[in-house]
Amino acid sequence: MAEFVGLMAEEGQVARSGQRLRCINLARLRNGEDVDVSGFLKASTSEDIEFPGVDDENAYAVELEEDLQPPFYRAGDHLIIAPSGGVRKGDRIIGRLKDGSLVAGTMIRRNSQRLVVQPFVDQHENAIPNEELYWVARIVWVSQ
């Protein structure tokens, strides 16, 4: 991957080197054992992967061992999550609810009462009250 990104550097520029990202699997993200209530990865026994060009020093990778809203995210994909960047309208996001379930989709809007998400596989918006949400983070990249 780093070699590919290096090919995209403009002539005369030096390509950025890769960053080591901690990587956990989807089951560990879902059960919350490795992520705090703000969506930041705790110190854990996670593996590291090399990934180029991520600006968030708290970014981490989630390896999918099962499909997550197919055909968008499939088993074997790595989602690169940026918990410190904040989310904006139109961002692809992932979040964890207090009941332990995960929500993923495109953020439609967020206000002081709720987060509105449109799942990738459904045209119906989901309004999630903020008090039911542990954390939400932007998906900045998907590697297949």
Side-chain angles (χ1 to χ4, degrees), residues 1-9 14-144:
M1 174 64 85
E3 182 179 334
F4 174 72
V5 172
L7 293 173
M8 294 188 300
V14 177
R16 290 178 59 178
S17 61
Q19 176 181 343
R20 305 278 312 157
L21 296 179
R22 293 180 289 166
C23 183
I24 62 171
N25 65 34
L26 182 63
R28 290 172 70 176
L29 181 70
R30 188 173 279 140
N31 71 26
E33 68 186 52
D34 291 328
V35 181
D36 69 16
V37 296
S38 298
F40 289 85
L41 201 59
K42 297 177 189 174
S44 68
T45 58
S46 61
E47 297 178 11
D48 287 349
I49 64 169
E50 182 82 18
F51 197 83
V54 178
D55 292 332
D56 188 335
E57 67 183 28
N58 294 303
Y60 57 93
V62 176
E63 182 176 7
L64 302 182
E65 67 270 7
E66 62 188 61
D67 291 350
L68 179 68
Q69 296 194 4
F72 292 93
Y73 303 128
R74 299 203 178 264
D77 290 352
H78 286 89
L79 304 181
I80 308 302
I81 310 298
S84 353
V87 293
R88 296 178 300 276
K89 180 179 179 176
D91 284 348
R92 289 189 173 204
I93 56 106
I94 189 164
R96 183 166 184 265
L97 304 179
K98 291 185 178 175
D99 68 4
S101 61
L102 294 177
V103 60
T106 302
M107 189 178 102
I108 303 300
R109 67 186 156 279
R110 187 174 194 181
N111 58 36
S112 60
Q113 293 86 30
R114 68 187 58 83
L115 170 72
V116 180
V117 177
Q118 181 174 350
F120 304 123
V121 295
D122 192 354
Q123 296 303 311
H124 301 289
E125 296 177 356
N126 293 337
I128 303 162
N130 286 334
E131 60 269 8
E132 293 179 17
L133 189 65
Y134 264 132
W135 57 265
V136 63
R138 190 164 55 104
I139 300 171
V140 295
W141 191 270
V142 180
S143 100
Q144 301 171 333

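Side-chain contact check for L102 versus Q69: every heavy-atom pair is 4.5 Å or farther apart. The shortest distance between side-chain heavy atoms of E50 and R20 falls below 4.5 Å. Inter-residue side-chain proximity for F40 and S84 is flagged as met; some heavy-atom pair is nearer than 4.5 Å. For the pair W141 and H78, the minimum side-chain heavy-atom distance is 4.5 Å or more.
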*asked:* Walk me through whether Y60 and V35 qualify under side chain to side chain contact (heavy atoms under 4.5 Å, CB included).
replied: CA-CA 11 Å; Y60 57 93; V35 181; 4.1 Å; yes
*Going through the checks in order, is the side chain to side chain contact (heavy atoms under 4.5 Å, CB included) test met by I139 and I81?*
CA-CA 5 Å; I139 300 171; I81 310 298; 4.0 Å; yes
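Between S101 atom OG and I128 atom CD1 the span is 8.0 Å, to the nearest 0.5 Å.
Among residues at least two apart or in separate chains, side-chain hydrogen bond (donor to acceptor under 3.5 Å, both in side chains) pairs with a member in residues 120-132 are Q118-Q123.
Remark: the backbone N or O of N58 is paired with a side-chain donor or acceptor of D56 at under 3.5 angstrom.
Of the candidates V136, V62, V103, L68, I94 forms a side-chain contact (heavy atoms from CB on, under 4.5 Å) with just one, namely L68.
When the shell of 6.0 Å around CD of Q113 is examined, it contains more than 12 heavy atoms from other residues, nucleotides or ligands.
Take Y73 and apply the ring pair (Phe, Tyr, Trp, His ring centres under 6.0 Å) test, not counting sequence neighbours, and it matches F120.
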